[in-house]
Novice: 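Could you have a look at this structure, given as structure tokens, before my questions?
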Amino acid sequence: DPEASEQMNDILAQVATNTETSKNVGNAILYQTVLTIMDIDAESGLRVLAINILGRFLLNSDKNIRYVALNTLLRTVHIDKPAVQRHRNTIIECLSDMDITIKKRAMELLFALVNETNVRSVIGELVTFLSNSAPPELKAQLTSTIILLSDKHAPTKRWYMDTVLKVLIHGGHYVRDDVVNSVTQSISESPEMYAFIVQRLFLALRDDIAQQPLVQVAAWAIGEYGELLVAGPCDIGEPVEVTETEVVDTLEHIVTGSVCSKVSKYYTLNALMKLSTRFKTESERIQKVIGYFTINTNVELQQRSVEYRTIFKQYDGMRAALLERMPVNASPEKQQPEKTETLLDNAPAAQPIVQAKEETQQDSLLNLIGGLVGETPAPQPAPPTNTAANNDLLMDLLGLDSGPEPVPSIPPVTAVNKQGLLVVFNLSHEGDKLKVVAESRNNTTTPITNYVFQAAVPRSIQIALSAASSSTIAPNGTVHQEMLINNPTKATLKMRVKIAYASGGVPAPEIVETVASFPVSY
């Protein structure tokens with residue numbers, strides 16, 4: 001209510017400026033004042049004052065106060081990002097805190113602050129954090145998000161590749177497989193950088209083969225652009241002189257040694273095969289190295305070796321054409337590291353309906369995840385079915401008219417409309433139960449990932465929540481999730497929903513809403 005907000009502005013400003021902070025009670029009052037300012041339609045100056053209070057909290061010696069400040073800034077950064085940017089240096093200092101929870105919140109807040117203007121400095125600080133003091137529990141998320149944000153805001157291609165190389169070196173085995181795929185995709189889309197990239201990767205590989213993601217990216221690049229590696233100095237960077245023998249020596253050491261993983265050896269064997277057409281003087285030696293694995297106990301290595309030897313012996317005239325460079329294939333949307341939905345999409349499909357918890361385990365209608373009753377966590381997304389389309393096709397084949405789609409007779413209910421996310425409940429009858437299809441629409445320009453929708457109802461009502469159609473919502477895209485509600489006593493239907501997701505790889509503030517606008521008959 002703008003009128004009520006205007007009336008509160010002066011009172012909140014007085015409380016924020018006159019409250020003594022020498023004791024915890026004063027800090028508690030200020031904290032609640034900040035939350036109120038952020039929840040109402042406050043003036044911009046008052047919001048800046050609230051964020052400055054949180055900035056002072058970051059300098060407090062009490063770890064709990066610092067954590068609360070970081071957590072609140074993370075929840076409100078989307079409201080006034082420039083005001084939060086003024087406290088960036090203080091947030092960076094929190095990365096050095098001994099408490100892992102403070103490190104994590106500071107890291108996530110810095111993710112949200114990265115833009116084209118500060119990308120060099122902030123990503124530089126995050127890379128330093130990765131190499132010096134990042135706990136192992138944070139490294140997977142840290143490496144993935146650094147790559148994502150660097151790709152999105154990179155000032156130059158060379159800066160991006162330098163950053164990628166540092167992440168591969170310092171991230172070690174914490175770098176996820178999807179990051180490797182994303183980096184190779186980015187390399188293939190940068191023809192002008194091929195020589196520089198392959199030379200930098202080879203030098204890093206020669207110094208350290210213990211970092212498996214680095215080995216995999218380097219082996220892929222050497223296999224594709226190995227001739228540029230030995231062609232002499234490139235136009236970018238320091239001159240590098242490498243011979244064909246040195247390259248093959250390094251790859252042979254990887255594929256025959258015991259340091260590297262099986263996946264790294266697969267990449268390396270492929271690279272050697274490709275180099276057989278690029279390094280003419282080493283072709284015979286490469287053939288011998290590949291032949292060594294025809295009796296290997298690893299079935300994948302053995303199969304590749306046998307197939308490659310068959311190409312040498314029976315299809316040698318076609319070998320050069322078969323092993324040409326992969327064509328540049330720019331993806332319409334950049335691959336995003338730290339995409340949990342990639343893992344979810346490949347996970348086994350969830351059961352169609354998840355039964356509601358037993359009534360004996362239910363609490364009162366007070367909270368969700370602290371906890372409203374009937375809470376049913378969303379199962380892993382299952383592939384959407386297309387039963388209606390199949391039925392229509394069958395009717396067409398039989399020469400019958402399936403008729404128009406039934407029009408819902410119950411008006412839809414708007415459940416959530418916050419942070420660019422619109423969730424609408426489409427209601428219909430299914431026997432004596434109420435069927436609710438939650439349609440979640442992303443009205444922002446940034447993809448939503450890791451989308452999780454949860455719902456809970458009062459004790460006397462049962463709810464069954466089906467799998468979502470996806471955990472990713474593209475800009476202006478939608479996902480659907482069905483709920484089946486049984487209300488035998490015809491009690492007033494209220495539902496508490498909780499939504500968690502990431503926007504652009506950065507965790508967004510959780511949304512918790514109570515929906516009480518269902519038709520009276522339900």
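This chain uses plain numbering: 1 for the first residue, then up along the sequence.
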Novice: Any side-chain heavy-atom pair from Ile286 and Leu251 closer than 4.5 angstrom?
Specialist: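 They are not in contact (no side-chain heavy atoms under 4.5 Å apart), so the answer is no.
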Novice: Please check this pair: side chain of Thr145 against backbone of Leu142, looking for a donor-acceptor N/O pair closer than 3.5 Å.
Specialist: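 No.
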Novice: So which of Ser471, Ser503, Ser440 actually passes side-chain hydrogen bond (donor to acceptor under 3.5 Å, both in side chains) with Tyr451?
Specialist: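 With Tyr451 as partner, side-chain hydrogen bond (donor to acceptor under 3.5 Å, both in side chains) holds for just one option, Ser440.
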Novice: Among Lys265, Glu224, Arg304, which residue satisfies the side-chain hydrogen bond (donor to acceptor under 3.5 Å, both in side chains) criterion with Asn270?
Specialist: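 It is Arg304; the other options fail the test.
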Novice: With a 3.5 Å cut-off and no angle check, do the side chains of Gln212 and Ser264 form a donor-acceptor pair?
Specialist: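 Yes, a side-chain donor-acceptor pair sits under 3.5 Å.
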Novice: Do we see a donor-acceptor contact under 3.5 Å between the side chains of Tyr266 and Asn298?
Specialist: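 Yes.
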Novice: Tell me, do Val479 and Ile448 make a side-chain contact under 4.5 Å, heavy atoms counted?
Specialist: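 Contact flag for Val479/Ile448 side chains = no.
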Novice: When you measure from the side chain of Gln481 to the backbone N and O of Ser466, does any donor-acceptor pair fall under 3.5 Å?
Specialist: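 Yes, the answer is positive, given that a donor and an acceptor are paired below the 3.5 Å cut-off.
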Novice: Answer whether the closest heavy-atom distance between the side chains of Thr143 and Ile147 falls below 4.5 Å.
Specialist: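 Answer no - side chains too far apart.
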Novice: A quick test of your reading: do over 12 heavy atoms of other residues, nucleotides or ligands sit less than 6.0 Å from NZ of Lys166?
Specialist: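 No - once you tally the heavy atoms of other residues, nucleotides and ligands closer than 6.0 Å, there are 12 at most.
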Novice: Do NZ/NE/NH1/NH2 and the carboxylate oxygens of Arg206 and Asp249 come within less than 4.0 Å?
Specialist: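 No, Arg206 and Asp249 are not salt-bridged.
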Novice: Do Leu201 and Leu214 come close enough that some side-chain heavy atom pair is under 4.5 Å?
Specialist: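 Leu201 reaches Leu214 side chain to side chain.
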Novice: Would you kindly say whether Glu189 and Gln185 are connected by a side-chain donor-acceptor distance under 3.5 Å?
Specialist: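 Present: a donor and an acceptor within the cut-off.
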Novice: Does atom NE2 (His480) have a neighbourhood of more than 12 heavy atoms from anything else shown, all under 6.0 Å?
Specialist: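 Enclosed.
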Novice: Please work out which of the three classes, parallel, tilted or perpendicular, describes the rings of Tyr225 and Tyr194, given edges at 30° and 60°.
Specialist: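 Parallel.
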Novice: Ignoring hydrogens and angles, state whether a donor on the side chain of Thr256 or Tyr292 is under 3.5 Å from an acceptor on the partner side chain.
Specialist: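 Tyr292 and Thr256 do not have a side-chain donor-acceptor pair below 3.5 Å.
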